[in-house]
Amino acid sequence: MKLLITNISKLVGVDRERRERVCGAEMNRLDTIADAWLLAEDGRIAAFGRMEELPAELRADTEVDAKGGMVFPSFCDSHTHIVYAGSREQEFVDKINGLSYEEIARRGGGILNSADRLHDTTEDELYRQAMERVREVIRMGTGAIEIKSGYGLSTADELKMLRVVRRIRETAPVEVRATFLGAHAVARQYIGRQSEYVDLVCREMIPAVAAEALADFVDVFCDKGFFTVDETARILEAGAKYGLRPKIHADELAASGGTRVGVEHNALSVDHLERAGEAEIEILRNSDTMPTLLPGAAFFLGMPFPPARAMIDAGLGVALASDYNPGSTPSGNMKFVVSLGCIRMKMAPAEAVNAATLNGAYAMGISDMLGSIAVGKVANFFITKPIPSVEFLPYAYTSPIIDRVFLRGKEY
Ligand code: NIG
Ligand code: FE
């Protein structure tokens, strides 16, 4: 099956060097081809070039005129909690009335609230609700997504969540990666017995998840009021025995030591980092760990934004992800995340686009196949309405300019 897109005003995110990630000053380089065409064959990008050089004999099964719109590689959203039951708008109102995220959690709301709902929801119903969100984010330009467990908090319910993730992976046209986050909060029955809960995660949950090959990564909410650095290290070591590489929640509510323990355990990413400072930046330098920033959470909870500018200026690469979840970020709109990166974290538009595409793919271990426009990569991309510049995408921060979505070389 061949798909030919013509009359692309700009083909954005062309990467002839097939870089696995972009760091520091390189982040502000977003190569484009003006007045371009793109050919996909059997779901992969097969060729592209300038319209004036379009081979006259080139024929495809489907031809699409981009009518002067731009083509961007699909967003690679490397941090979500998109499988959950119901919603938590009552806590949203509590926050408006002055309660903090931590206060709500201490009252037994927050993650435990979602865990109670998930427990009472069947696997089929969970899948149905999650797929609605998956379809929503696909329409908003996402072509690869990481999904975490962490609202189960018992072996049976964590497995239930991860089986839903597997089903999404098998049925949705996006690329999916799964992360086991049993240590998202201490389950209600274990309150006051946190170390026993950590034992359960290490001795029962991780082996059970691994036995069914349900997860690619292991995550821990390493933060004030949640899991300590020592507990995090134990869990990451238990995961490593089964080949689960860490991607962890770190330094969101306090400078918790999460970045250090993550890098020490060769984490693929450390995520959030609202409270990260120079020490964390120093730790991340010369590591393979991608700092992943979730500005939607800072926006929604009124927290300080992570220091993206200082990180990039120090030579780091950063990724942007949505954190789509019912508590801190009920949105998976990656275009808005890119806008927040620019508006609130002073990222240049090109830096923010790279962060939400190639570096997001790196943070899921899939940048060899997604995240940029390169021959051989999966043909996941979107066409915009005609827009005057790349910068217009984050600038027009609520305009629905993503017009047509293509996944594995097929229109969605
Ligand atoms: O990434 N910070 C921890 N976990 C989620 C929020 C989960 C929830 O409140 O349901 C996050 O923001
Ligand atoms: Fe999260």
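In listed order, ligands and their atoms are each counted from 1. Please read all numbers here as calculations on a predicted model, not as lab measurements.
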(Q) With respect to His81, determine whether any N or O atom, backbone or side chain, lies less than 3.5 Å from an N or O atom of ligand 1. (A)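 Yes - when backbone and side-chain N and O of His81 are compared with those of ligand 1, one distance drops under 3.5 Å.
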
Q: Would you mind telling me if ligand 1 is within reach of the side chain of Tyr151, the backbone, both or neither, using heavy atoms under 4.0 Å?
A: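 Under 4.0 Å from ligand 1, Tyr151 contributes side-chain atoms alone.
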
Q.
So, of the N/O/S atoms that His81 has, which is the nearest one to the Fe ion (ligand 2)?
A.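 Closest to the Fe ion (ligand 2) among those atoms: NE2.
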
Q: Please name the atom of Asp323, restricted to N, O or S, that is closest to the Fe ion (ligand 2).
A: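 Within Asp323, restricted to N, O or S, the Fe ion (ligand 2) is closest to atom OD1.
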
Q: Please round to the nearest 0.5 Å and tell me the distance separating atom CE of Met290 and atom CE of Met364.
A: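 Answer for the CE-CE pair, Met290 versus Met364, is 11.0 Å.
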
Q: Please write down residue, atom name and distance for the protein heavy atom closest to atom 6 (C) of ligand 1.
A: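 Checking every protein heavy atom, the shortest distance to atom 6 (C) of ligand 1 gives Tyr101 OH, 3.2 Å.
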
Q: Measure from NZ or CZ of Arg245 to the centre of the six-membered ring of Phe217, then state whether that distance is under 6.0 Å and the direction lies within 45° of the axis.
A: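 No, a cation-pi geometry is absent between Arg245 and Phe217.
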
Q. Atoms of ligand 1 less than 4.0 Å from Asp323 heavy atoms?
A.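 Here the atoms of ligand 1 in question are 1 (O), 11 (C), 12 (O).
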
Q. His79 heavy atoms, cut-off 4.0 Å: which ligand 1 atoms fall inside?
A.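 Heavy-atom distances to His79 below 4.0 Å select 1 (O).
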
Q: Kindly give the heavy-atom pair with the smallest separation between Thr179 and Leu162, and that separation in Å.
A: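 Heavy-atom minimum between the residues: O-CD2, 3.9 Å.
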
(Q) Could you check whether Arg285 pairs with Glu282 (Lys NZ or Arg NE/NH1/NH2 to Asp/Glu carboxylate O, under 4.0 Å)? (A)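 Looking at Glu282 together with Arg285, the answer is yes, because their closest N to O distance falls below 4.0 Å.
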
Q) Do Lys385 and Asp403 sit within salt-bridge range, that is, some charged N less than 4.0 Å from a carboxylate O? A)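 Result for this pair is no, no salt bridge flagged.
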
Q | Heteroatom N/O/S of His79 within less than 2.8 Å of the Fe ion (ligand 2) | A |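 Yes, since at least one N, O or S atom of His79 sits under 2.8 Å from the Fe ion (ligand 2).
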
Q.
Using a distance threshold of 2.8 Å, state whether an N, O or S atom of Asp271 lies below it from the Fe ion (ligand 2).
A.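 No.
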
Q | Heavy-atom proximity to atom 5 (C) of ligand 1, best of His184, Glu252, Glu274 | A |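 Shortest heavy-atom distance from atom 5 (C) of ligand 1: His184.
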
